[in-house]
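Lettering follows sequence order; numbering is per chain, from 1.
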2 protein chains.
Amino acid sequence: MIGQSLFKALADPTRREILRILRAGSMPAGDIAEHFPMTKASLSHHFSLLKQAELVRTERRGQQIVYSLNTTVMQDAAGVLMELLDPPSTEVNHDAKNR
Amino acid sequence: MIGQSLFKALADPTRREILRILRAGSMPAGDIAEHFPMTKASLSHHFSLLKQAELVRTERRGQQIVYSLNTTVMQDAAGVLMELLDPPSTEVNHDAKNR
DNA sequence: ATTGTATTTAGATATTTCTCTAAATATCAT
DNA sequence: ATGATATTTAGAGAAATATCTAAATACAAT
């Protein structure tokens, strides 16, 4: 089930942070890894789940593997939800009218 | 962090199905439980996580505890995302849009 | 107060998930 | 081909999760 892998992918804070980082643009695995205090092997595992959920795509460039957001409807929806709840450090949403 | 409990709540298929069921309207715990092949104790655990994420509210009515969706911005976003990805298997209803 | 119904809590177990280290693979540069 | 760099895969251990049974709590009706 595709939905399941997406929700599972979104359930981990590290993976959500990866997605947030990728909003700034594509980035090789190693550069992404520098944002986190865990090993590259662990990050690779997270990349794998994000890919399985089709939230990111990869492209090889020389010896690096560049990750980028997969911009689709579901990706956007996930992004909206994420911003709503896990406020990004930089940008703020001002569309929270009802409630 | 509030976001974390929400994503965790959404990560489980049983809990997403509970939310889907509740779209049709409020329902006591026991009635919800009938939709699932697990014990009421297990369901209660799921209710607890949904409540923690503030995705549902409860109201006591006699000896029953009635669950209902907590309709907020994030709830709606979650609902949209959910329908996009995890099309409802057990059809519920069509008219629980506003309120 | 006792009994019955609805739900939750506690404790236990099996499975899954996250993280690590070590090894494997792929590419680049000599 | 050899060695260096970037990333992934494999295997293992610790922590979290889902589920169960049994017991506890809350209310209702006698």
Side-chain angles (χ1 to χ4, degrees), chain A residues 1-22 25-70 78 86, chain B residues 1-22 25-70 78 86:
Chain A
M1 207 192 283
I2 183 159
Q4 177 60 5
S5 67
L6 179 120
F7 286 109
K8 255 204 303 218
L10 291 174
D12 184 89
T14 296
R15 290 192 288 270
R16 293 198 301 276
E17 185 65 27
I18 292 170
L19 294 175
R20 230 175 265 118
I21 288 169
L22 286 178
S26 320
M27 195 178 292
D31 290 13
I32 299 173
E34 281 170 11
H35 291 76
F36 298 90
M38 65 188 69
T39 65
K40 292 182 180 186
S42 298
L43 259 302
S44 188
H45 165 245
H46 289 302
F47 295 150
S48 162
L49 295 188
L50 287 170
K51 241 179 117 174
Q52 215 178 295
E54 298 188 86
L55 285 164
V56 300
R57 291 212 217 80
T58 59
E59 173 204 352
R60 179 175 279 281
R61 201 155 63 204
Q63 41 196 329
Q64 309 184 304
I65 297 205
V66 177
Y67 280 84
S68 48
L69 286 185
N70 184 359
D86 242 15
Chain B
M1 202 192 288
I2 185 161
Q4 177 60 5
S5 67
L6 180 118
F7 286 110
K8 249 198 312 213
L10 290 175
D12 184 89
T14 296
R15 291 194 286 271
R16 292 198 301 278
E17 185 65 26
I18 292 170
L19 294 174
R20 232 175 263 119
I21 287 169
L22 286 178
S26 321
M27 196 178 291
D31 290 12
I32 299 173
E34 282 172 9
H35 291 76
F36 298 90
M38 65 188 69
T39 66
K40 292 181 179 185
S42 297
L43 260 300
S44 188
H45 165 246
H46 289 301
F47 294 151
S48 162
L49 295 187
L50 287 171
K51 240 179 118 173
Q52 215 179 294
E54 297 188 87
L55 285 165
V56 301
R57 293 211 217 79
T58 59
E59 173 204 352
R60 180 174 277 282
R61 201 156 65 203
Q63 40 195 332
Q64 308 184 305
I65 298 205
V66 177
Y67 281 82
S68 48
L69 286 184
N70 184 359
D86 228 26

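Taking 4.5 Å as the limit, some side-chain heavy atom of A/Arg15 sits within range of a side-chain heavy atom of A/Leu49. No side-chain heavy atom of A/Ile18 sits less than 4.5 Å from a side-chain heavy atom of A/Leu55. Looking at heavy atoms from C-beta onward, A/Tyr67 lies out of side-chain contact with A/Glu59 at the 4.5 angstrom threshold. Counting only heavy atoms from C-beta outward, the side chains of B/Phe47 and B/Ile32 approach each other to under 4.5 Å. The shortest side-chain heavy-atom distance between A/Leu22 and A/Leu69 falls under the 4.5 Å cut-off. Side chains of A/His46 and A/Met38 form a contact here, defined as non-hydrogen atoms less than 4.5 Å apart. Side-chain atoms of B/Ile21 and B/Asp31, non-hydrogen and from C-beta on, never get closer than 4.5 Å to each other.
Judged purely by atom type and a 3.5 angstrom limit, A/His45 has no side-chain atom pairing as donor or acceptor with the backbone of A/Ala41. Side chain of B/Asn70 to backbone of B/Glu54: a donor-acceptor contact under 3.5 angstrom is found. Proximity of a side-chain donor or acceptor of B/Arg16 to a complementary backbone N or O of B/Leu10 within less than 3.5 Å is detected.
Across all strands, A/Arg61 comes closer than 4.0 Å to no nucleic acid atom at all (heavy-atom distances). Note on A/Phe36: nothing from the nucleic acid sits closer than 4.0 angstrom, heavy atoms only.
Summarising the geometry, the separation between CZ on B/Arg60 and C1' on D/dC27 is reported as 6 Å, rounded to the nearest angstrom. When the C1' atom of D/dA24 is taken as reference, atom CD1 of B/Ile65 falls 14 Å away, rounded to whole Å.
Nucleotides of DNA chain C with any atom under 4.0 Å from a heavy atom of chain A span, from 5' to 3', C/dT17 to C/dC28.
Both A/Met38 and B/Tyr67 lie near DNA chain C, and the one whose nearest nucleotide falls closer to the 5' end is B/Tyr67.
Bending across the helix from C/dA1-D/dT30 to C/dT30-D/dA1, expressed as the angle between its end axes from five pairs apiece, amounts to 20° (10° rounding).
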Where do A/Arg20 and A/His35 land on the side-chain contact (heavy atoms from CB on, under 4.5 Å) test, with the steps shown first?
CA-CA 11 Å; A/Arg20 230 175 265 118; A/His35 291 76; over 6 Å; no
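Of the residues in residues 40-51 of chain A, A/Lys40, A/Ala41, A/Ser44, A/Phe47 come within less than 4.0 Å of DNA chain D through at least one heavy atom, sorted by number.
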